[in-house]
Amino acid sequence: MRFAPGPSGPLHIGHTRAAILNDEYVKRYKGRFILRLEDTNPEKLEPEAYTMIPEDLEWLGIEVHESFVQSDRMELYYDAVRELINVGGAYVCTSDTEVWRSLKESGHPVEDRGLPPDVHMDRWDKMLDGTYNEGEAFLVIKTDLNHPNPAVRDFVGMRLRDEPHPRTGNRYRAYPLYNLSVAFDDHLMGCTHILRGKDHLNNTLKQEYIYDYLGWKRPHFLHYGLVSIPDTLLKKSLIAQERREGRIEGWDDIRLGTLRALKARGFDPLSLRRYWLDVGIKPVDINFSWETLSAINKVVIDDRTNRYFFVGSPRLLSVAVDRPLEASIPLHPEHPERGARKYKLDPINGKIMVLVAEKDLKEQKKGVVFRLKDLCNIILETDGGSEASYAGQDLSSVKGERGRIIQWCLPGSPRCTILYPEDNMGPNEGVAEGFVVEEGRKGSLVQFERVGFCKVWLKGEELYANYGHK
RNA sequence: GCUCCCGUAGUGUAGUGGCCAAUCAUGCUGGCCUUUCGAGCCGGUGACUCGGGUUCAAAUCCCGACGGGAGCACCA
């Protein structure tokens, strides 16, 4: 099996289906996973991608058994092209592209097509030695000009390009196009099964001509349905533009659909694997669902994720109280052994001060008992007001009311900014428990109760949280 | 325009002629429980695109219509 991305950026969520499904077959049938970087288009390459892609695969938990870079294999392609010309499977066209294209569209050959192989071999040599300039000649693979499917009629296999290649510079100028290099490599690398998206259905038809010309055994082709991914910056050109304009800092900006962004948001690669395994390899086109992925991820990460309070748009609330209050809140209720956040609040002038979310406070009515979670019950003096009084510890008295248990923080708690992949997904500015700073230092994943799972980090002394999901 | 692929609830998925008044997950929703409006448990919601045909019997096979997607590059 092979996974063959173009090194024009790091892997994004759209790549994960191919990568994971291929890996799953490899693991199930004890095959080999070949990574092949397809960089025969010097104009669209991102040098960083050559190292980012293997890193991304490793993060996904994929073992790469062998890896190749197409620009290392140019001589191999040249050899195969000669063979193709010899058996009459390819010709060098020196006409204008437009002419060639419109002729084949109507099912007619350009005159070059009927010339004998030695003429084309000679022209091929001229493509290599620089006699032809960029655009003056290109190699075409013969198929069937009367093929009812216009997408399958003669296709370009090699083109001239003088743009320097990030790896090979100006060493080569004849570059293979997708269908040619793929067919050669899939055979040369001994791929027995090609698992790829349905968008390659017509490419498969083209590539089969090459297999047949050279007498190669065709591999087994499998095509799964296309995935449409909503609401994520995937388009490379768009990303490039955003980066240029400084709105995106790196490849792990959480608004991106890159694996790095997913990692930065606290998604576990296991969740992606489960997701694609659930979807399977049907040829049906599907819509990618963040909801489902998040639901899967929640069960994967919840157990190991500590919980803290986050208070968005904090407002100071004073609680009249006649005794000191203590709170001991476990980091995870199902794992008391991990420890707890302990607080002791001594009243000053008969009151203690806490920060609560503006949104939570507004919803509270005068005289109705509600609770500061794990601390005490309170009653507001006025609707949504900032004065309250202590109302005991009896949990049962807050039952049945909606929104009756709210999170709180001590005054002076560190400010925390939550970053979202999209705007208006929740509270941005607020405060978090002081303990979160230490989590931020470690870059931990935490759950802010009633907000969501976030990966927290420090920028200098400032606390930031990358929002993952509910 | 031509060609190909696909069509089960909002989103995915199981289903390959009878066990399907259609599975599971997710979403939404009601309840129980619970110091998260979380998790868990219980319940509800909601689908075989339509029309013909074959058959004793069709979500499953055939034909047509309709709908969605992809390809027809000197991108991959």
Side-chain angles (χ1 to χ4, degrees), chain A residues 4-8 37-41 43-45 70 93 96-98 100-101 104-107 134-140 147-161 174-179 181-182 196-206 223-228 230 236 274-280 282-296 298-299 302-303 305 307-310 327 329-330 332-334 360 363 371-377 393-396 398-399 401-407 447-453 470:
Chain A
S8 52
L37 295 175
E38 310 212 318
D39 61 344
T40 58
N41 51 334
E43 62 273 39
K44 288 188 181 172
L45 302 174
Q70 284 191 326
C93 179
D96 184 72
T97 310
E98 295 301 324
W100 169 76
R101 194 189 314 179
K104 76 158 182 164
E105 208 159 285
S106 57
E134 190 175 302
E136 284 181 354
F138 53 100
L139 182 97
V140 181
H147 200 291
N149 184 350
V152 180
R153 296 176 198 156
D154 288 17
F155 60 95
V156 178
M158 281 275 183
R159 60 164 177 164
L160 260 21
R161 204 80 178 87
Y175 289 97
L177 257 24
Y178 180 75
N179 282 297
S181 57
V182 162
R196 58 183 12 168
K198 235 169 59 170
D199 47 335
H200 290 294
L201 240 21
N202 284 323
N203 288 329
T204 296
L205 262 24
K206 295 181 190 174
H223 299 94
Y224 54 78
L226 265 20
V227 182
S228 76
K236 287 174 185 135
R274 286 191 187 164
Y275 181 82
W276 290 123
L277 247 28
D278 181 52
V279 171
K282 291 206 303 190
V284 186
D285 297 338
I286 65 157
N287 293 306
F288 177 79
S289 166
W290 284 105
E291 279 178 351
T292 305
L293 180 65
S294 298
I296 293 172
K298 180 158 52 188
V299 326
D302 178 74
D303 194 63
T305 306
R307 300 178 188 185
Y308 294 98
F309 295 164
F310 172 85
I329 316 168
H332 193 293
E334 279 151 45
D360 286 337
E363 288 171 3
R371 187 174 179 84
L372 299 175
K373 187 168 184 256
D374 290 300
L375 185 66
C376 67
N377 296 346
Q393 291 289 348
D394 180 18
L395 199 54
S396 62
V398 294
K399 283 199 176 184
E401 292 292 327
R402 233 179 118 74
R404 76 274 183 187
I405 299 174
I406 66 169
Q407 280 68 20
Q447 182 190 160
F448 282 136
E449 293 188 6
R450 287 167 63 221
V451 176
F453 291 89
K470 260 285 183 205

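Residue numbers begin at 1 in each chain, while the letters A, B, ... track the order of the sequences.
When side chains are defined from C-beta on, A:Arg307 does not count as touching A:Ile329, because their heavy atoms never get closer than 4.5 Å. Considering only heavy atoms from C-beta on, A:Trp100 comes within 4.5 Å of A:Val156 through its side chain. Residues A:His200 and A:Lys206 form no side-chain contact, since every pair of their non-hydrogen atoms from C-beta on lies 4.5 Å or further apart.
Residue A:Asp303 contributes atom CG, which lies 14 Å from atom C1' of B:rG38 at whole-angstrom precision. Whole-Å rounding puts the A:Leu277 CG to B:rG12 C1' distance at 14 Å. Rounded to whole angstrom, the span from the OH atom of A:Tyr275 across to the P atom of B:rU11 amounts to 12 Å. Across the protein-nucleic acid pair, A:Ile406 atom CD1 and B:rG38 atom C1' stand 17 Å apart, rounded to whole Å. Between the NZ atom of A:Lys298 and the C1' atom of B:rG40 there is a distance of 12 Å, rounded to whole Å. Here B:rC4 presents its C1' atom at 11 Å from NE2 of A:His223, a figure rounded to the nearest Å. Distance, A:Arg450 CZ to B:rA39 P: 14 Å, rounded to whole Å. Between the CZ atom of A:Phe453 and the P atom of B:rU36 there is a distance of 14 Å, given to the nearest Å.
Across B:rA58 and B:rU13, the matching P atoms stand 26 Å from one another, rounded to whole Å. Comparing B:rU26 with B:rG46, their C1' atoms are spaced 13 Å from each other, to the whole Å.
Side chain of A:Arg153 to main chain of A:Glu105: a donor-acceptor pair is present (N/O by atom type, distance under 3.5 Å, no hydrogens or angles). Judged by distance alone, with hydrogens and angles left aside, the side-chain atoms of A:Tyr275 form no donor-acceptor pair with the main-chain N or O of A:Trp290 at under 3.5 Å. A:Lys298 places no side-chain N or O within 3.5 Å of a backbone atom of A:Leu293 that could act as its donor or acceptor partner. Within the 3.5 Å criterion, the main-chain N or O of A:Asp302 finds a donor-acceptor partner in the side chain of A:His332. With A:Thr305 contributing its side chain and A:Gln447 its backbone, the two residues share no donor-acceptor pair below 3.5 Å.
Side chain of A:Ile286, nearest nucleotide from B:rG12, B:rU26, B:rA14: B:rG12. Distances from the side chain of A:Asp374 to the nucleotides B:rG12, B:rU35, B:rA76 place B:rU35 closest. The listed nucleotides are B:rU11, B:rC5, B:rA14; the one nearest the side chain of A:Ser289 is B:rU11.
The pairing partner recorded for B:rU36 is none, the criterion being a Watson-Crick or G-U wobble arrangement whose two distances lie under 3.5 angstrom. Under the Watson-Crick or G-U wobble criterion, with both distances below 3.5 Å, B:rA47 has no partner in any strand shown. In this structure, B:rA9 makes no Watson-Crick or G-U wobble pair, since no nucleotide meets both defining distances under 3.5 angstrom. B:rG71 is paired with B:rC2 under the criterion used here, namely a Watson-Crick or G-U wobble arrangement in which both key atom distances are under 3.5 Å. Judged by Watson-Crick or G-U wobble contacts below 3.5 Å, the nucleotide B:rU16 has no partner. Within the shown strands, nothing qualifies as a pairing partner of B:rA59 under the Watson-Crick or G-U definition with both distances less than 3.5 Å. As the counterpart of B:rC41, B:rG31 is assigned, both hydrogen-bonding distances of the Watson-Crick or G-U wobble pattern falling under 3.5 Å.
Here A:Lys282 lies in heavy-atom contact (under 4.0 Å) with a base. At the heavy-atom level, A:Asp39 lies nowhere under 4.0 Å from the strands shown.
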List, with names and distances, any nitrogen or oxygen atoms from the protein found under 3.5 Å away from nitrogen or oxygen atoms belonging to nucleotides 68-75 of chain B.
unit_1 : atom_1 : unit_2   : atom_2 : d
B:rG69 : O2'    : A:Asp285 : OD2    : 3.2
B:rG71 : O2'    : A:Asn202 : ND2    : 3.3
B:rC72 : O2'    : A:Pro150 : O      : 3.1
B:rC74 : OP1    : A:Arg101 : NH2    : 3.4
B:rC74 : O2'    : A:Arg159 : NH1    : 3.3
B:rC74 : N4     : A:Thr97  : OG1    : 3.3
B:rC74 : N4     : A:Gly135 : O      : 2.4
B:rC75 : OP1    : A:Arg159 : NH1    : 2.3
B:rC75 : OP2    : A:Arg159 : NE     : 2.5
B:rC75 : OP2    : A:Arg159 : NH1    : 2.5
B:rC75 : OP2    : A:Arg159 : NH2    : 3.1
B:rC75 : O2'    : A:Asn41  : ND2    : 3.1

Between N or O atoms, less than 3.5 Å apart, protein on one side and nucleotides 58-63 of chain B on the other: list the pairs.
none

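The distance from the CZ atom of A:Arg371 to the CD1 atom of A:Ile406 is 11.5 Å, given to the nearest 0.5 Å.
Taking both residues in full, the closest heavy atoms of A:Arg196 and A:Thr204 are given as NH1-OG1, 2.7 Å, listed atom of the first, atom of the second, then distance. Between A:Ser228 and A:Asn287, the shortest heavy-atom contact is OG-OD1, 2.7 Å. Nearest heavy atom pair, residue A:Arg159 against residue A:Thr40, reads NH2-O, 3.9 Å. Minimum interatomic distance between A:Arg274 and A:Val299 (heavy atoms only, all atoms of both residues): NH1-CG2, 4.0 Å.
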Problem set entry | Under 4.0 Å protein heavy-atom contact, by nucleotide of nucleotides 44-49 of chain B - B base, S sugar-phosphate only | ------

